[in-house]
Amino acid sequence: VFAADTAFNDLPRVLFFMARNDHAPRAFLRMGDRLAFSNGIILLAVAATLILVAFHGQTESLIPLYAVGVFLAFTLSQAGMVVHWWRLRSPHWRKSMVINGIGALASGLVLVTAALTKFLAGAWVVVVAVPVLTLLLLRIKAHYASVEQETSVAHARAADLELVPSAPRPEGHSGGIRLIATPEKVHHLLVVPMARIDLPSLQALAYAVSFGEPTLALHVSPEEIEAERFQHAWDRWGVHVPLEVVVSPYRAVVGPIVNYLEALHAQGPEITLTVVVPEIRVRHWWHRFLHDHLGQRLRRALEHHAGIAVTEVPYQLMR
């Protein structure tokens, strides 16, 4: 029970840190309504169920699998601490490095012994799964790196940067909610959610501005520091479109966007709100699971809201 509780507490958080470094799908960054990393919990529950079914409910057969997995984690953590002390070299680092080195050696010996003696009893699952999962996570990292390189403004071609809206700000549109200060003169408002300043987001922004209607960029940030950083980047980039930043400390995205849109619509019910969402289109179907399909989630959340429409602007990846 203690081991299972530890797994359900820690693995979703580990997946969060991995996703933050692009080694796991970004869906694991999101928190659920209960402020837990629900996607990681669901993944672990499904994996545990499949393993239990595969071993016909015989928990005794899972002990070798558990032992190898646990001592693999011990060995990696102790070895990681050795590297940590070697790099940091704080006071008494040699003593700490020796202690962790002994721990890594002892855990490693138990790991090898258990893997060899219990290989056919179930340890083979970990021996086979770990290299496969490592390769998968490296491929996920490579995909995100390729997407970042292809969509980054810094690596954009001149033809791509022509998509950046450069028209002067319309008179009276000084930013934020003031766009709808005179609703009798405005009948349409376009809102572009922007997670980052990249080519897909700028293309969606250019698409929205091309209609000649009031346009507002919206960024949801998990913390104040990141919100200020995005605001500074927006000011430096010099896009003449008002920006609103919403801080969501619980890392929810869809909820704050929906609440913000509802507040805008409540101020001017006669205004039609169009949410223009950038959507990355991948070449391979298996890459679809690595991206956050915000447009689909917003469409489901707003399907019963009259006067609010959601449209997606596709950005086709070449690789």
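The shown structure was predicted, so the numbers you read here are calculated from the model rather than taken from an experiment.
Remark: Lys141 NZ is packed, more than 12 non-hydrogen atoms of other residues, nucleotides or ligands lying under 6.0 Å away. Sparse packing is recorded around NE2 of His56, with 12 or fewer heavy atoms of other residues, nucleotides or ligands lying under 6.0 Å away. Summarising the local packing, CZ of Phe55 is surrounded by more than 12 heavy atoms from other residues, nucleotides or ligands at distances under 6.0 Å. Annotation: Arg87, atom CZ; neighbour count of heavy atoms from other residues, nucleotides and ligands within 6.0 Å does not exceed 12.
A distance of 10.5 Å separates CG in Leu317 from CG in Leu199, rounded to the nearest 0.5 Å. Distance OH/Tyr207 to OG/Ser210: 7.0 Å, rounded to 0.5 Å. With rounding to the nearest 0.5 angstrom, the CE atom of Met97 is 12.0 Å from the CG atom of Leu88. Here CD of Glu279 is found 9.5 Å from NE2 of His291. Values are rounded to the nearest 0.5 Å. For the atom pair OG (Ser77) and NE2 (His84), the distance works out to 13.0 Å, reported to the nearest 0.5 Å.
In the hydrophobic clustering of ILVMFWY residues, with side-chain heavy atoms under 4.5 Å counting as a link, Val277 and Tyr260 come out together. Note: the hydrophobic cluster containing Leu218 does not contain Val247 (ILVMFWY, side chain heavy atoms under 4.5 Å, direct or indirect links). Note on Val126 and Leu137: separate hydrophobic clusters, where clusters join Ile, Leu, Val, Met, Phe, Trp and Tyr whose side-chain heavy atoms are under 4.5 Å apart, directly or indirectly. If you chain together hydrophobic residues whose side chains sit under 4.5 Å apart, Trp86 and Val82 fall into the same group. Using a 4.5 Å cut-off between side-chain heavy atoms of Ile, Leu, Val, Met, Phe, Trp and Tyr, with links allowed through other members, Val128 and Val130 fall into the same hydrophobic cluster.
Listed here is the closest heavy atom pair of Met194 and Ser201: CE-CB, 3.3 Å. Nearest approach of Arg299 to Thr311, heavy atoms of both residues: NH2-CA, 4.4 Å.
For the pairing with His188, the side chain to side chain contact (heavy atoms under 4.5 Å, CB included) check across Ile271, Thr215, Thr274 returns one residue only, Thr274.
Donor-acceptor pairing under 3.5 Å is lacking for the side chains of Thr6 and Asn9.
Side-chain contact between Leu261 and His305 is absent, with no heavy atoms from C-beta onward closer than 4.5 Å. At least one side-chain heavy atom of Trp234 sits under 4.5 Å from a side-chain heavy atom of Val241.
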Would you mind writing out the side-chain donor-acceptor pairs for residues 39-53 within the sub-3.5 Å range, not counting sequence neighbours?
unit_1 : atom_1 : unit_2 : atom_2 : d
Asn39  : ND2    : Ala27  : O      : 2.7
Thr49  : OG1    : Ala45  : O      : 2.8

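By the 6.0 Å and 45° rule, Arg288 does not stack over the aromatic ring of Trp286.
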